[in-house]
K.L.:
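Before anything else, here's the structure in question.
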Amino acid sequence: GAATVIVLIVVLLWLAVRSAKEGARLADDAVQDSLPQPQRAQFKDMRKAGDVDIALYLVDTETEVRQLFEYVRQSSFISGNEQYAKKMKDVRFVYSVTNDTVNAYAGTDPSDNSRRVMNCFAGEMRIAKVLGLAAAAQLCGEKNAMSKLMEKLTPRLCTRLSIEDAAKLIRECGFDAYLEKEDIKAKAKSIAAGEVVGTLAHETGHIVLGHLEGKELKVWMNMEVRRNYESQADLVASSIMSTSPFGEYVFLGQVFYYWVNMQKTDALIKQNVPKNELDHPLNRERYVSFVLANKEKAAAYGFPIPEL
């Protein structure tokens, strides 16, 4: 009778829900098993805490990050310049998955002084992922998304960002809700990739311009020279970004890079480190100038204009 039909429907619905949950669990198990250590342990811990969606968004493999470096190395600006392409050909890329530092830098390979190495830390990827969500939310109508993030991104978190801190930022800002929306999540990932590509492009500038070679390397002790080098590397980054698949995020990548460095610089100044000992040139001035030159985009993304 009718009662039997209702019971059957309830049972079928229960089986469908159970099957969906089991399918999701198996999918998460597959992701977890595919990750190398220590990402596997990080993912497992976040699953236990109920942060599966955030874990899936934040955890990166070295292969994924290396692809961003290859975008830079193979960009038309680099590959189209014989001298630049030659300098980048043998650069070794290293992704430090256990390092929470928010940074990427170019240097000399410890095992071969004639070879250059590009280092990227996990903290750099995480802060870019959080930025990506905030920017995507902002573009999709949440007017205060970026200001929420900037209020909570303290100088400490701009320097070191663990996966737990990144997840906490996402939850506190309410960005975890956007991870359920595939279109916003996809845009967030593209924005994050663009920010990291911009940082790697800046470091690439140091390599192709010869800032890490011979006598040029020795003059890095001169702060005025170092500031000049940083400005030159900025120009190379802009050229690389404008011809990359992430060209539409040129503004966002650079302005956030300046903003994060501004937070670090302001923190050092508060610790009484003299301005003339800070190598990244006048980060507050760089940030303000860039925002003023791109007011419409700055407003769209919600970036404030601080006082000089």
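Note that this is a predicted model, so its numbers are computed, not measured.
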K.L.:
Of all heavy-atom pairs between Ala201 and Val72, which one has the smallest distance, and what is that distance?
P.N.:
CA-CG1, 4.0 Å
K.L.:
Test your reading of the model: is there a side-chain donor-acceptor pair from Ser96 to the backbone of Asn99, 3.5 Å cut-off?
P.N.:
no
K.L.:
Would you mind reporting whether Met118 and Ile207 have side-chain heavy atoms less than 4.5 Å apart?
P.N.:
yes
K.L.:
List the steps, then state whether side chain to side chain contact (heavy atoms under 4.5 Å, CB included) holds for Phe303 with Ser147.
P.N.:
CA-CA 7 Å; Phe303 280 100; Ser147 60; over 6 Å; no
K.L.:
Determine the interplanar angle of the Tyr178 and Phe175 rings, folded into 0 to 90°, and report it as parallel if under 30°, tilted if 30 to 60°, perpendicular if over 60°.
P.N.:
tilted
K.L.:
Just to verify, which of Asp109, Asn113, Thr108 counts as forming a side-chain hydrogen bond (donor to acceptor under 3.5 Å, both in side chains) with Ser111?
P.N.:
Asp109
K.L.:
Please name the pair of heavy atoms, one in Ala128 and one in Ala192, separated by the smallest distance, quoted to 0.1 Å.
P.N.:
O-CB, 3.2 Å
K.L.:
Taking all heavy atoms of Val102 and all of Leu157, pick out the closest pair and write down the distance.
P.N.:
CG2-O, 3.7 Å
K.L.:
For Arg126 and Ala167, indicate whether the former's side chain and the latter's backbone hold a donor-acceptor pair under 3.5 Å.
P.N.:
no
K.L.:
For Tyr84 and Phe77, what are the C-alpha separation, side-chain angles and deciding distance, and is it a side chain to side chain contact (heavy atoms under 4.5 Å, CB included)?
P.N.:
CA-CA 9 Å; Tyr84 290 175; Phe77 183 76; 3.8 Å; yes
K.L.:
Could you walk me through whether Gln74 and Ser79 pass the side chain to side chain contact (heavy atoms under 4.5 Å, CB included) check?
P.N.:
CA-CA 6 Å; Gln74 297 174 24; Ser79 61; 5.6 Å; no
K.L.:
For a side chain to side chain contact (heavy atoms under 4.5 Å, CB included) check, start with the C-alpha distance between Val91 and Val117, then their side-chain angles and the critical distance, and finish with the verdict.
P.N.:
CA-CA 5 Å; Val91 172; Val117 61; 5.7 Å; no
K.L.:
State the CD-CG distance between Gln83 and Leu209, to the nearest 0.5 angstrom.
P.N.:
9.0 Å
K.L.:
For residues Arg92 and Val94, determine if any side-chain heavy atom of one lies less than 4.5 Å from a side-chain heavy atom of the other.
P.N.:
yes
K.L.:
Is there a donor-acceptor pair under 3.5 Å between the side chain of Glu203 and the backbone N or O of Ala106?
P.N.:
yes
K.L.:
Report yes if the side chains of Lys152 and Glu172 come closer than 4.5 Å at any heavy-atom pair, otherwise no.
P.N.:
yes
K.L.:
Is the shortest side-chain heavy-atom distance between Asn119 and Phe93 below 4.5 Å?
P.N.:
no
K.L.:
Taking the six-membered ring of Tyr57, is NZ or CZ of Lys129 closer than 6.0 Å to its centre and within 45° of its axis?
P.N.:
yes
K.L.:
Only counting residues at least two apart or in another chain, list the ones meeting side-chain contact (heavy atoms from CB on, under 4.5 Å) with Asp176.
P.N.:
Ile54, Ile170, Arg171
K.L.:
Just how far is it from atom CD of Glu195 to atom CE of Met241, taken to the nearest 0.5 Å?
P.N.:
8.5 Å
K.L.:
Is the number of heavy atoms from other residues, nucleotides or ligands under 6.0 Å of Tyr105 OH greater than 12?
P.N.:
no
K.L.:
Are the side chains of Cys140 and Ile184 in touch, meaning some heavy atoms are under 4.5 Å apart?
P.N.:
yes
K.L.:
Hey, are the side chains of Phe69 and Val65 touching, using non-hydrogen atoms and a 4.5 Å cut-off?
P.N.:
no
K.L.:
Are Leu68 and Phe121 linked, directly or through other ILVMFWY residues, by side chains that come within less than 4.5 angstrom of each other?
P.N.:
no
K.L.:
For the CD1 atom of Ile127 and the CE atom of Met125, what is their distance to the nearest 0.5 Å?
P.N.:
12.0 Å
K.L.:
Are side-chain N/O atoms of His206 and Gln232 paired as donor and acceptor at under 3.5 Å?
P.N.:
no
K.L.:
Can you find a pair of side-chain heavy atoms, one from Val255 and one from Tyr287, that are under 4.5 Å apart?
P.N.:
yes
K.L.:
For residues Val208 and Val236, report the shortest heavy-atom separation together with the two atoms involved.
P.N.:
CG2-CG1, 4.3 Å
K.L.:
Is there a donor in the side chain of Glu124 and an acceptor in the side chain of Thr101, or the other way round, less than 3.5 Å apart?
P.N.:
no
K.L.:
State plainly whether the residues Arg156 and Asp165 are in salt-bridge range, i.e. N to O under 4.0 Å.
P.N.:
yes
K.L.:
If I compare all heavy atoms of Ala137 with all of Ala145, which pair ends up nearest, and what's the gap?
P.N.:
CB-CB, 3.8 Å
K.L.:
Counting N and O atoms only, with roles assigned by atom type, does the side chain of Arg116 sit under 3.5 Å from a partner on the main chain of Leu212, one being a donor and the other an acceptor?
P.N.:
yes
K.L.:
How would you list, by chain and number, every residue that makes a side-chain contact (heavy atoms from CB on, under 4.5 Å) with Glu180, sequence neighbours excluded?
P.N.:
Asp53
K.L.:
Any link between Leu149 and Val291 through a network of hydrophobic side chains (Ile, Leu, Val, Met, Phe, Trp, Tyr) touching at under 4.5 Å?
P.N.:
yes
K.L.:
Determine whether Arg73 and Lys89 make a side-chain contact, defined as any pair of heavy atoms from C-beta on separated by less than 4.5 Å.
P.N.:
no
K.L.:
Identify the two heavy atoms, one from Cys120 and one from Leu200, that lie closest to each other, and give their separation to 0.1 Å.
P.N.:
CB-CD2, 4.4 Å
K.L.:
According to side-chain contact (heavy atoms from CB on, under 4.5 Å), who are the partners of Leu139, at least two apart in sequence or on a separate chain?
P.N.:
Lys187, Ile191, Tyr301
K.L.:
Can you tell me how far OG of Ser75 sits from CG of Asn81, rounded to the nearest 0.5 angstrom?
P.N.:
10.0 Å
K.L.:
State the CE-CG distance between Met146 and Leu153, to the nearest 0.5 angstrom.
P.N.:
10.0 Å
K.L.:
Can you tell me how far apart CG (Asn103) and CG (Leu161) are? Round to the nearest 0.5 Å.
P.N.:
13.0 Å
